[in-house]
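Residue numbering restarts at 1 for every chain, and letters A, B, ... go by the order of the sequence lines.
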Amino acid sequence: MTNSMLSASFYLRKDVEQLARALLGKHLHFRDMVVRIVETEAYRAPDDRACHAYGNKRTPRTETMFLPGGHAYIYLCYGIHHLFNIVTGPKDEAHAVLIRAVEPIKGLEKMRQKRNYPKKDQSLTNGPGKWTQALGLTTALDGQSLLTDELFLTKGETVSDSEILTSKRIGVDYAGECADRPWRFFLKDSDFVSKK
DNA sequence: CATTTGATGTTCT
DNA sequence: GAACATCAAATGC
């Protein structure tokens, strides 16, 4: 059954870097829409200064990251954009993978409508604030399980290592040496990877 | 084409 | 006040 929902054990793995890689090519289903993940970034408390939960800091916002793997962590960035992360690892280890870009697979017309009809379909979903708007994901869904009928992942297409490129994470220059960690992963052949 | 700026919630100083 | 896991529109070449 290649089309069945990914189970809790997938998200509970402890190595968030490997999980960020493994998420490429997976399909994300939200209501009647489907997208394919093409760009991810790993964030890991407590040692990663770029992570909101650096030092295992708990705030009303970061509390979601301490949930067991398999939940959505959605927060507001720059007061405007809703950014979507997948919580990974066991409970109380605040690891998460930011989904930075996706390719639309199903529900294109609905996405165009929510994004106010951009000229190119690429700009529907080629950025972390863009694709969440295209699907209508907001902080209202923060903390929701990814093992529900409304929101879940499936295996999608298998991706080989030769199709994956790596770089430093984007927009985390404030994080000192941690900013140099090669924890951004993306598919080299996708037209939907975010622009610098 | 490149660079700047306005939008603005949560968190920290 | 300032900074921040961003984006689109305005401005300057």
Side-chain angles (χ1 to χ4, degrees), chain A residues 11 16-21 23-24 28 35 37-67 69 71-89 93-104 111-144 146 164-187 190-196:
Chain A
Y11 303 103
V16 67
E17 291 176 62
Q18 286 308 311
L19 212 28
R21 278 181 174 273
L23 282 166
L24 294 173
L28 183 146
V35 297
I37 297 172
V38 299
E39 180 178 350
T40 63
E41 285 180 0
Y43 289 86
R44 184 182 73 191
D47 60 298
D48 176 13
R49 280 180 61 189
C51 179
H52 290 158
Y54 172 57
N56 285 335
K57 180 184 55 174
R58 288 176 183 262
T59 69
R61 182 176 67 162
T62 64
E63 199 59 37
T64 304
M65 291 185 77
F66 292 89
L67 292 173
H71 290 82
Y73 169 45
I74 306 177
Y75 71 95
L76 204 53
C77 179
Y78 296 103
I80 297 177
H81 304 288
H82 301 265
L83 267 54
F84 181 97
N85 302 249
I86 292 176
V87 178
T88 73
E93 290 195 22
H95 300 177
V97 177
L98 170 68
I99 309 300
R100 284 193 55 89
V102 303
E103 288 178 7
M111 296 183 204
R112 290 189 190 104
Q113 190 178 5
K114 287 179 189 290
R115 292 276 299 140
N116 199 23
Y117 300 99
K119 293 189 183 75
K120 297 179 181 177
D121 278 346
Q122 275 99 307
S123 38
L124 287 175
T125 58
N126 66 341
K130 296 181 189 179
W131 78 266
T132 55
Q133 186 184 37
L135 268 64
L137 292 166
T138 70
T139 53
L141 290 157
D142 180 45
Q144 172 149 342
L146 300 176
I164 298 176
L165 295 179
T166 303
S167 80
K168 302 197 313 194
R169 291 173 291 180
I170 294 186
V172 298
D173 292 343
Y174 61 90
E177 293 175 20
C178 296
D180 294 328
R181 293 180 178 179
W183 282 4
R184 170 173 176 251
F185 306 96
F186 55 101
L187 296 181
S190 175
D191 293 329
F192 289 82
V193 169
S194 70
K195 296 176 179 175
K196 193 72 179 245

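Under 4.0 Å is where a charged nitrogen must lie from a carboxylate oxygen, and between R169(A) and D48(A) at least one such pair does.
If you measure from atom CD1 of I80(A) to atom C1' of dT5(B), you get 12 Å, rounded to the nearest angstrom. Atom OH in Y117(A) sits about 16 Å away from atom P in dA8(C), given to the nearest Å. Atom pair L83(A):CG and dT10(B):P shows a separation of 15 Å (rounding to whole Å applied). Here the C1' atom of nucleotide dA8(C) and the CG atom of L124(A) are 15 Å apart, to the nearest Å. Taking atom OH of Y75(A) as the reference point, atom C1' of dT8(B) lies 15 Å away to the nearest angstrom. Atom-to-atom, CZ of R100(A) to C1' of dC7(C) comes out at 12 Å; the value is rounded to the nearest Å. A straight line from CD1 of I74(A) to P of dT6(C) spans 16 Å, rounded to a whole angstrom. Rounded to an integer number of Å, the gap from CZ of R49(A) to P of dC12(B) is 15 Å.
Contact annotation: K57(A) reaches the phosphate of dC12(B) (side-chain N/O to OP1 or OP2, under 4.0 Å). Taking 4.0 angstrom as the limit, R115(A) places none of its side-chain polar atoms (N or O) nearer than this to OP1 or OP2 of dC7(C). For dA8(C), the OP1/OP2 oxygens have a side-chain nitrogen or oxygen of K130(A) closer than 4.0 Å.
Remark: dT8(B) base-pairs with no nucleotide; criterion is Watson-Crick or G-U wobble with both hydrogen-bond distances under 3.5 Å.
The side chain of I170(A) approaches dT6(C) more closely than any other nucleotide in the set dG9(B), dT6(C), dT11(B). Between dT11(B), dC7(C), dG9(B), one nucleotide has an atom nearer to the side chain of H81(A) than all others, and that is dC7(C).
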Evaluate the salt bridge (charged side-chain N to carboxylate O under 4.0 Å, His left out) criterion for residues R181(A) and D47(A): first the C-alpha distance (whole Å), next the side-chain angles of each, then the deciding distance (0.1 Å), finally the verdict. CA-CA 12 Å; R181(A) 293 180 178 179; D47(A) 60 298; 3.1 Å; yes
Please report the C-alpha distance between L135(A) and L28(A) in whole Å, then the side-chain angles of each, then the deciding distance to 0.1 Å, and finally whether the side chain to side chain contact (heavy atoms under 4.5 Å, CB included) criterion is met. CA-CA 11 Å; L135(A) 268 64; L28(A) 183 146; 4.0 Å; yes
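The gap from the P atom of dA10(C) to that of dT8(B) amounts to 16 Å, rounded to the nearest Å.
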